[in-house]
Amino acid sequence: MELSHVNAGGKAAMVDVSGKEATVRVASASAKVLLTPHLIALIEKNEIAKGDVLAVARIAGIQAAKKTSELIPLCHNIFISSVTIDFTIDKDSASVLITSTAKTDAVTGIEMEALTAVTIAALTIYDMCKAVEKSIGIQDIRLLSKSGGKSGDYVASV
């Protein structure tokens with residue numbers, strides 16, 4: 001398999017996408033934040049001193065998606081037509097599942113924007129809750145699905 005971000009001299013290079021056709025592309029990603037039952041209760045009651053944890057994490061995730069090309073060196077700056085961030089609180093596992101869906105009509109994919117959105121949303125939850133408890137974990141950041149583009153559709157198997 002040939003690496004797309006390496007030039008003939010073996011050096012990192014941005015892929016030239018100028019010859020590609022724009023298509024509608026959608027990507028979804030997820031991340032899980034491991035908390036404690038105490039933190040879950042505080043989040044649900046909106047009693048974290050820094051404010052509404054999930055509202056702030058949602059805005060942070062959306063902002064992060066829009067800044068992806070500034071954070072990932074060889075990532076293209078693309079038009080983003082929408083980004084959504086959703087949270088599912090699981091009291092049994094004392095965790096928050098974050099999912100994002102990003103959409104564009106562009107010549108290159110939007111997977112990195114969806115992944116960046118959930119990652120920064122997870123880090124924001126950590127930041128807002130760390131004063132209460134430090135035993136917070138972030139895990140399972142992954143692409144759930146993508147559609148559009150030359151490589152076709154992908155859906156995670158697990």
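Only a predicted model underlies this, so the values are computations on that prediction, with no experimental measurement involved.
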Query raised in the report: When you look at NZ of Lys134, are more than 12 heavy atoms from neighbouring residues, nucleotides or ligands closer to it than 6.0 Å?
Result: yes
Query raised in the report: Taking everything shown except Glu47 itself, do over 12 heavy atoms lie less than 6.0 Å from its CD?
Result: yes
Any idea which heavy atoms bring [X] and [Y] closest together, and the distance?
X      : Y      : answer
Ile125 : Ala57  : CG1-CB, 3.8 Å
Ala94  : Thr36  : CB-C, 3.7 Å
Gly149 : Thr23  : N-OG1, 3.3 Å
Val33  : Ala122 : CG2-CB, 3.6 Å
Ser95  : Leu34  : CB-CD2, 4.1 Å
Thr99  : Val118 : C-CG1, 4.0 Å

Report task. Go through the steps for Asp105 and Ser81 under the test side-chain contact (heavy atoms from CB on, under 4.5 Å), then give the verdict. Result -> CA-CA 7 Å; Asp105 185 356; Ser81 53; 6.0 Å; no
**Report entry** Stepwise side-chain contact (heavy atoms from CB on, under 4.5 Å) test for Leu54 and Asn46
**Finding:** CA-CA 9 Å; Leu54 300 183; Asn46 197 18; over 6 Å; no
Query raised in the report: Among the clusters formed by ILVMFWY side chains lying less than 4.5 Å apart, do Ile120 and Met128 turn up in the same one?
Result: yes
Requested in this report: Could you state whether Ile98 and Leu144 fall into the same hydrophobic cluster, counting links through intermediate Ile, Leu, Val, Met, Phe, Trp or Tyr residues with side-chain heavy atoms under 4.5 angstrom apart?
Outcome: no
Between the main-chain N or O of [Y] and the side-chain N or O of [X], is there a donor-acceptor pair closer than 3.5 Å?
X      : Y      : result
Thr101 : Thr84  : no
Thr68  : Ala64  : yes
Lys146 : Gly148 : yes
Lys50  : Asp127 : yes
Lys67  : Ile62  : no
Arg25  : Thr104 : no

Out of curiosity, [X] [atom1] to [Y] [atom2], how far, rounded to the nearest 0.5 Å?
X      : Y      : atom1 : atom2 : value
Leu35  : Ile89  : CG    : CD1   : 9.0 Å
Leu143 : Ser28  : CG    : OG    : 8.0 Å
Thr108 : Lys20  : OG1   : NZ    : 4.5 Å
Asp153 : Ser145 : CG    : OG    : 8.5 Å
Glu70  : Asn77  : CD    : CG    : 7.5 Å
Ser69  : Met112 : OG    : CE    : 11.0 Å

Using a 4.5 Å cut-off on heavy atoms from C-beta on, say whether the side chain of [Y] contacts that of [X].
X      : Y      : result
His76  : Val107 : no
Glu113 : Val83  : no
Ile48  : Leu39  : yes
Val15  : Leu74  : no

Report task. Would you please say whether a donor-acceptor pair under 3.5 Å links the side chains of Ser93 and Lys32? Result -> no
Requested in this report: Dump the intermediate steps for side-chain contact (heavy atoms from CB on, under 4.5 Å) on Ile110 and Lys103, then the final yes or no.
Outcome: CA-CA 7 Å; Ile110 195 156; Lys103 186 175 182 182; 5.6 Å; no
**Report entry** Ile40 vs Val96, side-chain contact (heavy atoms from CB on, under 4.5 Å): CA-CA, chis, key distance, verdict
**Finding:** CA-CA 8 Å; Ile40 292 288; Val96 176; 4.1 Å; yes
